[in-house]
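Because the structure is predicted, anything quoted here is derived from the model rather than measured. All residue numbers refer to positions in the sequence shown, counting from 1.
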Amino acid sequence: MPRLSRRELDKLVRKLSASANPSQQSQALDKIMSLCRDADESGLAAIAAAGVLRNLAGNAENVVAIVAAGSVPTLVQLLGPGPPEVQQNAICALGELVQYPRNTAIIAAAGAVPQLVQLLGSGSPADVQFDAARALGFLALQTAEIRSTIAAAGAAPPLVQQLGPGSPSYVQCTAAATLSILASNADNATAIAAAGAIPPLVQLLGSGSPADLQHCATLALAVLADNNADIRTAIAGAGAIPALVQLLGPGSPADLRLFASGTLRALAHDSGNSLAIQSAGATAGFLQEMNDLGILIVQ
């Protein structure tokens with residue numbers, strides 16, 4: 001197909017946005033997708049066209065047309081080897097589309113999960129890792145079956161790796177949030193713990209972490225702790241209890257205090273942990289306050 005200039009591409013976008021005619025919308029999207037698949041040496045055409053799809057997908061009015069035009073397989077194809085800018089635009093477009101539950105099965109059937117998991121690895125730029133984890137998180141929210149599929153594709157180890165000190169805080173936070181969603185399946189929780197998630201999550205509770213990162217780590221530990229006694233023992237053994245009690249202090253935001261108390265409540269189902277919570281400085285007044293709120297820490 002002949003190369004289109006940026007001006008011509010912008011013209012196609014305006015035509016797509018202005019037209020209520022499904023046939024015209026489909027024709028414009030076909031041209032944009034052809035550009036996405038353009039294998040020119042620089043990749044500039046594919047970068048620009050994938051960026052257009054990303055921007056269009058952010059508008060709810062365009063989502064039906066994008067999916068109906070068969071764009072999902074093309075976007076999944078763009079997750080493969082190629083310029084990181086193309087991958088990132090494709091991930092973000094899929095991340096917008098997957099927020100509509102009717103698209104979940106289409107995206108999963110197109111093979112998005114293994115491609116997104118591949119992009120979680122250390123060979124991807126931090127922004128691509130972030131967007132891949134975010135898209136997988138949106139997918140994981142939809143059904144238990146998809147959460148199992150994501151775990152089976154090997155998502156836990158690279159997500160755990162993203163929790164480490166070598167990752168920017170926004171990557172760590174998104175990885176922790178995605179792990180918390182995956183961990184709502186008991187089998188996934190076991191796999192996440194086995195992948196070594198607990199020590200870095202506990203490390204992220206510390207005062208050196210920003211509040212939003214502490215929040216994501218606390219949530220992930222809370223979901224993990226709900227699953228079984230072995231995981232609760234591992235969380236306590238990694239030093240989570242003193243760190244969580246510290247987060248209950250007045251210097252923490254209210255929602256972080258609430259999440260920390262919920263995690264302690266889950267840990268306190270085991271009597272040894274309950275004693276450790278009190279020993280770490282959770283006062284009788286705090287315990288009574290939690291009881292009054294209906295968040296009981298077992299004594």
Side-chain angles (χ1 to χ4, degrees), residues 120 122 126-127 129-130 133-134 137 155-184 189 191-270 272-283 285-287 289-290 293 295 297:
L120 294 173
S122 58
D127 285 348
Q129 292 178 331
F130 165 79
R134 178 176 177 270
L159 285 169
V160 169
Q161 187 175 7
Q162 289 180 16
L163 299 173
S167 298
S169 62
Y170 67 94
V171 172
Q172 293 172 316
C173 190
T174 303
T178 300
L179 286 169
S180 72
I181 298 166
L182 293 174
S184 62
I192 290 166
I198 292 170
L201 286 170
V202 171
Q203 187 70 26
L204 293 176
L205 299 177
S207 58
S209 298
D212 59 343
L213 182 51
Q214 292 172 322
H215 190 151
C216 291
T218 303
L219 175 60
L221 288 169
V223 179
L224 285 166
D226 266 339
N227 280 280
N228 63 58
D230 288 341
I231 291 178
R232 289 192 290 275
T233 299
I235 292 172
I241 289 174
L244 289 165
V245 169
Q246 186 69 26
L247 292 178
L248 296 173
S252 298
D255 60 342
L256 181 54
R257 294 199 302 269
L258 187 62
F259 272 84
S261 66
T263 307
L264 288 168
R265 177 190 176 189
L267 292 173
H269 287 305
D270 301 335
N273 291 343
S274 181
L275 292 172
I277 291 167
Q278 296 177 63
S279 298
T283 65
F286 164 73
L287 296 176
E289 179 185 349
M290 292 299 99
L293 292 172
I295 304 171
I297 295 180

Could you list the donor-acceptor pairs under 3.5 angstrom formed by side chains in residues 156-169, with sequence neighbours left out?
residue: Q162; atom: NE2; partner: L120; partner atom: O; Å: 3.0
residue: S167; atom: OG; partner: Q162; partner atom: O; Å: 2.9

**OP:** Could you name each residue pair satisfying ring pair (Phe, Tyr, Trp, His ring centres under 6.0 Å) that touches residues 208-233, not counting sequence neighbours?
**Re:** H215-F259

Original post:
What's the shortest heavy-atom distance between A217 and A176, and which atoms?
Top reply: N-CB, 4.2 Å

**OP:** To the nearest 0.5 Å, tell me how far I198 CD1 sits from I192 CD1.
**Re:** 10.0 Å

Subject >> Rounded distance (nearest 0.5 Å) linking atom CD of Q172 with atom SG of C216 >> reply: 10.5 Å

Original post:
To the nearest 0.5 Å, what is the distance between CD (Q129) and OH (Y170)?
Top reply: 8.5 Å

**OP:** Please test T218 against L201 for side chain to side chain contact (heavy atoms under 4.5 Å, CB included), starting from the C-alpha separation and ending with a verdict.
**Re:** CA-CA 8 Å; T218 303; L201 286 170; over 6 Å; no

Original post:
Do P210 and L213 have side chains that get closer than 4.5 Å, going by heavy atoms?
Top reply: yes

Original post:
Can you tell which of V202, I235, N273, T263 makes a side chain to side chain contact (heavy atoms under 4.5 Å, CB included) with I241?
Top reply: N273

Original post:
So do L204 and Q214 actually touch side chain to side chain, heavy atoms under 4.5 Å?
Top reply: no

**OP:** Assess whether side chain to side chain contact (heavy atoms under 4.5 Å, CB included) is satisfied between T178 and T174, documenting all intermediate values.
**Re:** CA-CA 6 Å; T178 300; T174 303; 4.3 Å; yes

Original post:
Where is the tightest heavy-atom contact between L182 and A155, given as atom of each residue plus distance?
Top reply: CD1-CB, 4.5 Å

**OP:** Kindly compute the distance separating CD1 (I277) from CG (L248), expressed to the nearest 0.5 Å.
**Re:** 9.0 Å

Subject >> Euclidean distance, L247 CG relative to L258 CG, rounded to 0.5 Å >> reply: 12.5 Å

Original post:
Is there a donor-acceptor pair closer than 3.5 Å between any side-chain N or O of R232 and the backbone N or O of L267?
Top reply: no

